[in-house]
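Because only heavy atoms are used, hydrogens play no part in the values below, and waters and symmetry mates are left out as well, while side chains stay in. Residue numbers begin at 1 in each chain, while the letters A, B, ... track the order of the sequences.
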There are 2 protein chains.
Amino acid sequence: MVKRARGSRTGRPIMALLDLLGRRWVLRIVWELREEPRRFRELQDAIGASPTIVNSRLAELREAKLVELDADTGYRLTALGRELLRLFLPLHVWSEKWAKALV
Amino acid sequence: MVKRARGSRTGRPIMALLDLLGRRWVLRIVWELREEPRRFRELQDAIGASPTIVNSRLAELREAKLVELDADTGYRLTALGRELLRLFLPLHVWSEKWAKALV
DNA sequence: GCGATCGCTACAGAAAATGTAGTAACGGAG
DNA sequence: CTCCGTTACTACATTTTCTGTAGCGATCGC
């Protein structure tokens, strides 16, 4: 079942996804996990958010099956999470172009 | 100059972009503008947010040169905004797969 | 003038995020 | 066993952000 999202009550997957990804720190967390697993504190320090919110975002991402906790190595993307990340990787290149256009 | 983002103070474009897109309603607004221009109220009704926040998000998107206001037709994506949207279109398909995996 | 529509703003109350401190569980050293 | 370090995570008062509702000023057609 798709978690009914904060803003949109349609139940359409794309809306639930946009809502999830549109929460503060969520995109950033996925990004930080793109290369290797991270410990809770490590992640918290990297993004500079409070533990409260890091924890609740991780809980949401775990419920969405995009992130999982491995006791030995830390938080990491699931197979599904890596698929999503792959869709986002072009953003990195594009963001450079975008930054130039903003001058 | 890349607007220094709320959460990250690195100045790296990808961080500024993730921060911008990670603000509530931003992804949703871009999504709503994917096909045709929308009027302010139209947009507000479509996403169900308060006018205050719709206006401030639109202001941020205009400053980021992703959205512009055409007096005759309403808010619409700029060329840059359409490029960004193109990167996001695969999300629509992927979200269906994701929803199935969540059962 | 009058009404309709446009983008947008004011403001009080509600919700979410922060910053700091601390808890509970585990593992290894002495 | 006790002590120490590390882990994920929680409590809570303060601050920031968002909502919900009402309304402003400008513009257009009549």
Side-chain angles (χ1 to χ4, degrees), chain A residues 3-10 15-16 18-33 36-78 81, chain B residues 3-10 15-16 18-33 36-78 81:
Chain A
K3 173 113 182 263
R4 202 173 18 269
R6 196 173 45 186
S8 63
R9 286 156 248 282
T10 61
M15 292 305 172
L18 289 177
D19 180 73
L20 175 64
L21 299 179
R23 287 181 185 155
R24 201 163 174 180
W25 302 121
V26 166
L27 282 173
R28 182 67 193 274
I29 287 174
V30 172
W31 189 256
E32 289 296 333
L33 295 178
E36 53 191 4
R38 299 292 204 109
R39 291 290 177 189
F40 185 94
R41 280 184 164 78
E42 216 180 343
L43 206 45
Q44 192 203 320
D45 291 348
I47 70 180
S50 68
T52 315
I53 204 64
V54 172
N55 187 46
S56 66
R57 289 301 179 260
L58 282 172
E60 289 161 7
L61 282 166
R62 290 163 86 177
E63 198 182 352
K65 293 187 179 160
L66 299 176
V67 165
E68 64 194 353
L69 173 57
D70 175 76
D72 294 333
T73 59
Y75 286 97
R76 68 182 176 200
L77 296 177
T78 61
Chain B
K3 172 112 181 266
R4 201 177 17 269
R6 191 175 46 187
S8 62
R9 289 156 244 283
T10 62
M15 294 304 173
L18 290 177
D19 181 73
L20 175 63
L21 299 179
R23 287 180 185 155
R24 202 165 174 179
W25 302 121
V26 166
L27 282 173
R28 180 68 192 274
I29 287 173
V30 172
W31 189 257
E32 288 297 331
L33 295 178
E36 52 192 3
R38 300 290 204 110
R39 291 290 177 189
F40 185 94
R41 280 184 163 78
E42 215 181 341
L43 206 45
Q44 191 202 320
D45 290 348
I47 70 181
S50 68
T52 315
I53 204 64
V54 171
N55 187 45
S56 65
R57 290 302 179 260
L58 283 171
E60 289 161 6
L61 282 166
R62 290 163 86 176
E63 199 183 351
K65 292 185 181 163
L66 299 176
V67 165
E68 63 193 356
L69 174 57
D70 175 75
D72 294 333
T73 60
Y75 285 97
R76 66 183 176 200
L77 297 177
T78 61

Nearest-Å distance for atom pair CD1/P, residues Ile53(A) and dC12(D): 17 Å
Interatomic distance, Arg57(A) CZ vs dA17(C) C1' [rounded to whole Å]: 9 Å
Grab the CG-P distance between Asp19(B) and dT17(D) for me, whole Å please. 11 Å
Atom CG of Leu58(B) and atom P of dT9(C) are separated, to the nearest Å, by 11 Å
Asp72(A) has an atom CG; how far is it from atom C1' of dT6(D), in whole Å? 14 Å
Interatomic distance, Asn55(A) CG vs dA21(C) C1' [rounded to whole Å]: 16 Å
Any residue of residues 37-46 of chain A with a heavy atom less than 4.0 Å from an atom of DNA chain D: Arg39(A), Phe40(A), Arg41(A)
When you measure from the side chain of Arg24(A), which nucleotide among dA17(C), dA22(D), dT19(D) comes out closest? dA17(C)
Might you work through the side chain to side chain contact (heavy atoms under 4.5 Å, CB included) test for Glu68(B) and Arg76(B), ending with a clear yes or no? CA-CA 6 Å; Glu68(B) 63 193 356; Arg76(B) 66 183 176 200; 3.0 Å; yes
Nearest-0.5 Å distance that lies between atom CZ in Arg57(A) and atom CG in Leu43(A): 13.0 Å
Want to settle it: does Pro51(B) or Ser56(B) sit nearer the 5' end of DNA chain D, counting the closest nucleotide to each? Ser56(B)
Smallest separation among heavy atoms of Ala46(A) and Arg38(A), with atom names: CB-NH1, 4.0 Å
Indicate whether OP1 or OP2 belonging to dT17(D) is found under 4.0 Å from a side-chain N or O atom of Trp25(B). no
Candidates dG20(D), dA17(C), dC12(D) - which lies nearest the side chain of Thr52(A): dC12(D)
With rounding to the nearest 0.5 Å, note down the distance linking OG1 in Thr78(A) to CG in Leu33(A). 10.5 Å
Ion pair check, Asp19(A) and Arg23(A), cut-off under 4.0 Å: yes
